[in-house]
Amino acid sequence: MRDLTAMMELPSAAGATPTLREARTLLDPDLFRPRPWLYWADLGLSAAIGWSALVAAALRARPDAETAVLVVVAAFAFLRAVLFIHEISHFKKGAMPGFEAAWNLVVGVPMLVPSVSYASHLDHHRKLLYGTIRDPEYLPLGLMGRGRIFGFVLETLLVPLLLVVRFGVIGPLSLLVPPLRAVVEERLSSLVINPSYRRPRPRGRERAIWWGLEILMLVWIAAVAAAVATGRLSWRALVVWYAVAALVAFVNQIRTLAAHHYRNPGAPVDTGTQLLDSINVRGMPFLTELVFPVGLKYHALHHFVPDMPYHGLAAAHARLMEALPADSRYRETEEAGGWAAIARLWRDAAGGRGAPETWREGAEVLMPREERRR
């Protein structure tokens, strides 16, 4: 494994590679200002295409090639719409009034992925948590063996079913059983890839929002179940929804494999190491945008400037690649494409035997004493 920490010791002397702070000054301040009209138009168009294609597929008389095409179109449209959840998690208070509520009604609730389930994402950016067992979106997959990568992708096929069980059965039951509620809130209420992650329990206004969204999703699940039971909605429509949701989860998991190198054994790292452990994907413009929507092809850059809205990332990346010298370590974050990044991860994982001991040991350093005793 490369010594990433050493690689980020960037001297600021004349003629040397700029520091990250110096590199940030190269970026136009306008790139950090969100454009509300673009957010609303992008979300509206993506959701409209997704729902139109899903309904059209559900109304087909029988499964055929056209049905399959409609399912794929719906899945990629919903992938883009759903992944605005990433932008929402980074919104500053008051930056986009009404957008989160609208997103939940149009996408989050019907797809059973409420925006509050991604509030844990900010832990992925914290310097002392990134790449550790306390990071919700990190696993040392490059050290865990190819079998774990294979299972990591295939498990997404069960995600829609698990979401229905979570919000249609376990969630409502937990509202009546306080001990179960604690488990649900800590373990079953975050969109994560690290099964060891435990989110803090919501309080105050956040708790009220959680309850409201859970009730909405329960009503949605009950309404769909009643419609199917009474024949107003065909089983075929339910199968189409499941196929679209599973394909969204599957493609997103593939995208996730190309977000990082996933070789940190569990020790806390600095901001520079975060950057070099993350990936910018060049790829083919149209296809890459489908698989890495809403700016996620610039994942390394996002870890550098997490406060930049998705529509500014392309210009920012171009500016850095133009202005930084040839020996800038920022250039090492770029991969030719998503498959190239995944192929490197696959090579790294050869011979892996599971999570290293240091991954678990990291919990002893980062976990409060009262949690260690549980």
Side-chain angles (χ1 to χ4, degrees), residues 1-2 68 71-72 75-76 78-79 82-83 86 111-113 117-118 120-121 124 130-166 187-188 190-197 239 242-266 277-284 287-288 290-293 296-297 299-300 333 335-360 362-363:
M1 178 180 177
R2 296 177 299 172
V71 166
V72 171
F76 279 102
F78 274 120
L79 177 67
V82 165
L83 284 176
H86 179 253
M111 284 293 173
L112 306 182
V113 284
S117 63
Y118 204 58
S120 57
H121 172 69
H124 180 54
Y130 173 87
T132 72
I133 200 170
R134 303 299 295 278
D135 182 342
E137 296 173 46
Y138 199 97
L139 279 175
L141 293 168
L143 307 173
M144 297 176 73
R146 290 175 172 177
R148 183 65 185 89
I149 294 176
F150 194 66
F152 180 79
V153 174
L154 287 185
E155 66 191 19
T156 59
L157 300 179
L158 294 176
V159 165
L161 175 61
L162 295 176
L163 289 175
V164 171
V165 173
R166 159 63 179 89
R187 297 284 193 177
L188 304 177
S190 298
L191 296 174
V192 301
I193 68 172
N194 175 12
S196 298
Y197 179 76
V239 171
Y242 193 99
V244 169
L247 186 53
V248 169
F250 181 82
V251 175
N252 187 58
Q253 202 81 325
I254 295 292
R255 177 202 63 78
T256 300
L257 288 177
H260 299 285
H261 294 295
Y262 298 110
R263 288 188 58 82
N264 184 46
D277 189 38
S278 306
I279 298 171
N280 290 321
V281 175
R282 192 164 62 245
M284 295 179 288
L287 181 60
T288 304
L290 282 179
V291 180
F292 299 82
L296 289 171
K297 62 181 288 187
H299 201 70
T333 66
E335 288 282 359
W339 286 121
I342 294 171
R344 175 187 288 197
L345 177 63
W346 188 256
R347 291 193 300 270
D348 288 346
R353 294 289 184 269
E357 291 185 10
T358 50
W359 176 256
R360 293 291 173 186

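Values reported hereafter were calculated over all heavy atoms of this structure, with side chains retained and with hydrogens, waters and symmetry mates removed.
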Heavy-atom side-chain proximity of Phe250 to Val153 below 4.5 angstrom:
yes
Nearest heavy-atom approach of Ile279 to Ala341 is CD1-CB, 3.8 Å
Here the gap from Thr288 atom OG1 to Leu296 atom CG, rounded to the nearest 0.5 Å, amounts to 12.5 Å
More than 12 heavy atoms of other groups within 6.0 Å of Trp339 CH2
no
### Query
With distance as the sole test, does Asn280 use its side chain to make a donor-acceptor pair with the main-chain N or O of Ala300 at under 3.5 Å?
yes
OG of Ser190 to OH of Tyr197, rounded to nearest 0.5 Å, is 5.5 Å
Heavy atoms of Ala249 and Thr156 approach each other most closely as O-CG2, 3.6 Å
Correct closest heavy-atom pair for Ala349 and Ile149 would be CB-CD1, 3.6 Å
To the nearest 0.5 Å, atom CG of Asp277 lies from atom OG1 of Thr333 at 11.5 Å
Apply side chain to side chain contact (heavy atoms under 4.5 Å, CB included) to residues Leu139 and Arg148 and explain how you reach the verdict. CA-CA 10 Å; Leu139 279 175; Arg148 183 65 185 89; 3.7 Å; yes
In short, Tyr262 meets Ala259 closest at the heavy-atom pair OH-CB, 3.9 Å
Interatomic distance, OH@Tyr138 vs CG@Asn264, rounded to 0.5 Å, equals 4.5 Å
When rounded to the nearest 0.5 Å, the distance separating CE of Met144 from CG of Leu345 is 11.0 Å
Test side-chain contact (heavy atoms from CB on, under 4.5 Å), reference Pro136, set Ile193, Asn194, Val192, output is Val192
Leu143 and Pro356 have their tightest heavy-atom pair at CD1-CG, 3.9 Å
Validation row: Asp348, Arg344 side chains within 4.5 angstrom (heavy atoms): yes
Nearest heavy-atom contact between Ala258 and Val281 is O-CG2, 4.1 Å
Output for pair (Glu155 CD, Leu162 CG), nearest 0.5 Å, gives 9.5 Å
**Item:** Note, Val291 side chain near Phe76 side chain (heavy atom, < 4.5 Å)
**Value:** yes
For residues 244-260, the side-chain hydrogen bond (donor to acceptor under 3.5 Å, both in side chains) pairs (sequence neighbours left out) are His124-His260, Tyr130-His260, Asn252-Arg255, His260-Ser278, His260-His299
Given side chains that start at C-beta, do those of Tyr118 and Val82 come closer than 4.5 Å, heavy atoms only?
no
